[in-house]
Novice: 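If you scroll down you'll find the structure; I have some questions about it.
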Amino acid sequence: MPQSNPALIDALRATADRLAAGARYEWGHMGRCNCGHLVQTLTQMTDHEIVASVDFALDEWSEHANDYCEGVGHKVDHLFLTLQQMGFGYQDVIHLENLTDRRVLTRLGEGRHLRRNRREDAVLYMRTMADLLAEACIER
């Protein structure tokens, strides 16, 4: 689970709202998928700018996260650094892309199955994660 951070909570909610309002969503596109939309919110980059910033290497975020090693000079490093500064680590990226964080899924209830490439599920996941993080901020 990401670290509780008010800016991250706001970004997750803003991203969910933008997706719910009909923003262009395409799970297989690095700038329009679950994590791509969060990066758009955090960086104010467009989907095209995100893809261009990694030289159009359209790997999935989870692939980049699995290969990520801080400071080795990969094109995606600056995007991961932005996420890390918000308390969102590379494992969180993988969970967001696949909608698999156990704490979020537990909050949604047993038997709830989310599909990683379904807009409505991404919106629900982000809103639920934001709620959990907000609760953790209050408890501190």
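Position 1 is the first residue of the sequence; numbering continues from there.
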Novice: For the pair D121 (side chain) and R115 (backbone), establish whether a donor and an acceptor sit closer than 3.5 Å, ignoring hydrogens and angles.
Specialist: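 The answer is yes, because a donor-acceptor pair under 3.5 Å joins these two groups.
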Novice: Between the side chain of R32 and the main-chain N/O of A23, is any donor-acceptor distance below 3.5 Å?
Specialist: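 No, R32 side chain to A23 backbone: no donor-acceptor pair under 3.5 Å.
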Novice: With a 6.0 Å cut-off (strictly less than), is the heavy-atom count around CZ of R118, excluding the residue itself, greater than 12?
Specialist: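 Yes, enclosed.
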Novice: Determine yes or no for a side-chain-to-main-chain donor-acceptor pair under 3.5 angstrom, with R112 supplying the side chain and L105 the backbone.
Specialist: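 Checking the backbone N and O of L105 against the side chain of R112, no donor-acceptor pair under 3.5 Å is found.
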Novice: Heavy-atom distance under 4.5 Å between the side chains of T15 and L19, does that happen here?
Specialist: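 Answer yes - side chains close enough.
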Novice: Quick one: are V39 and L83 in side-chain contact, heavy atoms under 4.5 Å?
Specialist: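 Counting from C-beta outward, V39 and L83 do come under 4.5 Å.
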Novice: Just checking, is any N or O donor in the side chain of N34 or Y25 under 3.5 Å from an acceptor N or O on the other one?
Specialist: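 Yes, Y25 and N34 have a side-chain donor paired with an acceptor closer than 3.5 Å.
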Novice: Test your reading of the model: is there a side-chain donor-acceptor pair from H37 to the backbone of A16, 3.5 Å cut-off?
Specialist: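 Not at all, since once roles are kept as given, no pair shorter than 3.5 Å links the two residues.
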Novice: Any side-chain to backbone donor/acceptor pair from D101 onto H95? Under 3.5 Å, distance only.
Specialist: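 Checking the backbone N and O of H95 against the side chain of D101, no donor-acceptor pair under 3.5 Å is found.
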Novice: Taking side-chain hydrogen bond (donor to acceptor under 3.5 Å, both in side chains) as the test, write out the residues that go with D92, two or more places apart.
Specialist: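 So D92 forms no side-chain hydrogen bond (donor to acceptor under 3.5 Å, both in side chains) with any residue.
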Novice: How many angstroms lie between atom CE of M129 and atom CG of L108, to the nearest 0.5 angstrom?
Specialist: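 Atom-to-atom, M129:CE and L108:CG are 10.5 Å apart.
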Novice: Would a 4.5 Å heavy-atom cut-off, applied to side chains only, mark L42 and F88 as touching?
Specialist: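 Result no, sub-4.5 Å side-chain heavy-atom pair not found.
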Novice: Can a donor-acceptor pair be found, under 3.5 Å and without considering hydrogens, that links the side chain of W27 to the backbone of E97?
Specialist: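 Yes: the side chain of W27 pairs with the backbone of E97.
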Novice: If you measure from CG on L114 to CG on N98, what distance do you get to the nearest 0.5 Å?
Specialist: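 L114 CG to N98 CG: 11.5 Å, rounded to 0.5 Å.
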